[in-house]
2 protein chains.
Amino acid sequence: MGDMDHALPHPEPDEIRIEAVLQALADPVRLTIVRALAESETGIACGCIELPISKSTRTHHIRTLREAGVVWVRAEGTSRISTLRREDLDKLYPGLLDGVLSARR
Amino acid sequence: MGDMDHALPHPEPDEIRIEAVLQALADPVRLTIVRALAESETGIACGCIELPISKSTRTHHIRTLREAGVVWVRAEGTSRISTLRREDLDKLYPGLLDGVLSARR
DNA sequence: CCCATCGTACGATATCCGTCGTAGTTCGAT
DNA sequence: ATCGAACTACGACGGATATCGTACGATGGG
């Protein structure tokens with residue numbers, strides 16, 4: 001087995017664009033994911049969140065969130081553990097995340 | 001001098017959905033409009049903002065912002081004056097608007 | 001009244017995006 | 001080594017949307 005550097009690409013804080021973040025948060029499914037992540041300090045596997053969508057769509061949404069700079073994704077066994085990029089987002093856009101999370105469902 | 005009450009429909013605060021607000025803010029053109037509105041207390045006419053788009057596209061974006069609950073639009077002569085719905089947004093999603101407006105351009 | 005100005009309405013178009021199924025990869029367990 | 005589970009890659013498809021031009025409506029000044 002070759003040792004594969006399969007680290008997923010994440011944007012640096014200075015590469016994060018507000019339009020992409022807002023676009024990422026604007027989707028109902030992704031908002032559900034972000035809300036779930038907000039309640040977990042350690043991060044959770046994408047597959048654990050109950051969502052009325054297929055596996056591949058799930059992958060698509062997680063990638064969208066990752067590429068926008070909203071979540072970290074790390075490999076752990078065969079799972080991908082996602083966590084909110086709270087610190088980066090709070091620093092870049094203070095109040096934004098809390099404002100979004102405070103919305104009634 | 002006829003009846004001046006041709007009010008445009010605006011959502012009530014309890015009708016405003018976070019997904020619609022985020023979607024509205026996620027567009028570069030609309031974000032430019034919101035930034036311009038944020039710098040004016042009295043509101044400004046849509047047509048005054050320099051934008052690389054046509055008249056009809058402008059109308060489309062203003063309507064999107066209005067229907068999402070992001071702006072008030074009132075008629076004034078032949079113009080439409082837009083203002084940010086700061087109070088409503090701050091109450092519904094405290095920090096969100098400030099967070100968005102704090103983003104580097 | 002005429003008309004220029006500002007905005008809206010409507011239809012057309014191209015692109016984006018959320019969704020899916022299928023096939024393939026990686027990893028841990030048997 | 002083989003298998004199943006978790007996830008990704010890719011292509012396809014349909015609906016949403018950003019854009020435009022043109023036509024129309026309303027307003028206020030000559």
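Proteins come first, then strands; the chains are lettered A, B, ... in the order of their sequence lines, and each starts at number 1. Keep in mind that what you see is a predicted model, and the values were worked out from it rather than measured.
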Closest nucleotide among D/dC7, C/dG18, C/dC27 to the A/H61 side chain: C/dG18
A/I33 and A/V71, any side-chain heavy atoms less than 4.5 Å apart: no
Where protein sits on nucleotides 10-17 of chain D, one letter per nucleotide: B base, S sugar-phosphate only, - none, heavy atoms under 4.0 Å: --------
Nucleotide C/dC20, atom P - distance to CD1 of A/I53 in whole Å: 7 Å
Short side-chain N/O contact to D/dT8 OP1/OP2 from A/T59, under 4.0 Å: yes
Nearest-Å distance for atom pair CG/P, residues B/L8 and C/dA9: 8 Å
Expected output: side-chain B/S102 to main-chain B/G99 donor-acceptor under 3.5 Å: yes
Those residues that, when tested against B/D98, pass side chain to side chain contact (heavy atoms under 4.5 Å, CB included) (two or more places apart): B/R86
N/O (side chain, A/S54) to phosphate O (OP1/OP2, C/dC20) under 4.0 Å: yes
Sugar-phosphate, base or nothing in reach of B/I62, heavy atoms under 4.0 Å: nothing
A/E87/A/R85 salt bridge by N-O under 4.0 Å criterion: no
Distance below 4.0 Å between B/T57 side-chain N/O and D/dC20 OP1 or OP2: yes
Which residue lies more 5' along DNA chain C, comparing A/P52 with A/G77 via nearest heavy atoms: A/P52
Short side-chain N/O contact from A/R63 to OP1 or OP2 of D/dA9, under 4.0 Å: yes
Between D/dC20 (C1') and B/L51 (CG): distance, integer Å: 15 Å
Rounded distance (Å) that lies between atom C1' of C/dT5 and atom CZ of B/R58: 14 Å
Heavy-atom side-chain contact between B/V70 and B/V34 under 4.5 Å: yes
Protein-nucleotide distance (A/L65, atom CG; C/dG18, atom C1'), rounded to Å: 13 Å
Integer-rounded Å distance: C/dG7 P and B/E76 CD: 12 Å
Exercise: identify the closest heavy-atom pair between B/A103 and A/I18: CB-CB, 3.8 Å
Nearest-angstrom distance from the residue atom NZ of B/K55 to P of C/dA9: 13 Å
side-chain hydrogen bond (donor to acceptor under 3.5 Å, both in side chains): pairs with one or both residues in residues 7-36 of chain A, sequence neighbours excluded: A/R30-A/H61
Euclidean distance, atom CG of residue A/D27 to atom P of C/dG18 [Å, nearest integer]: 5 Å
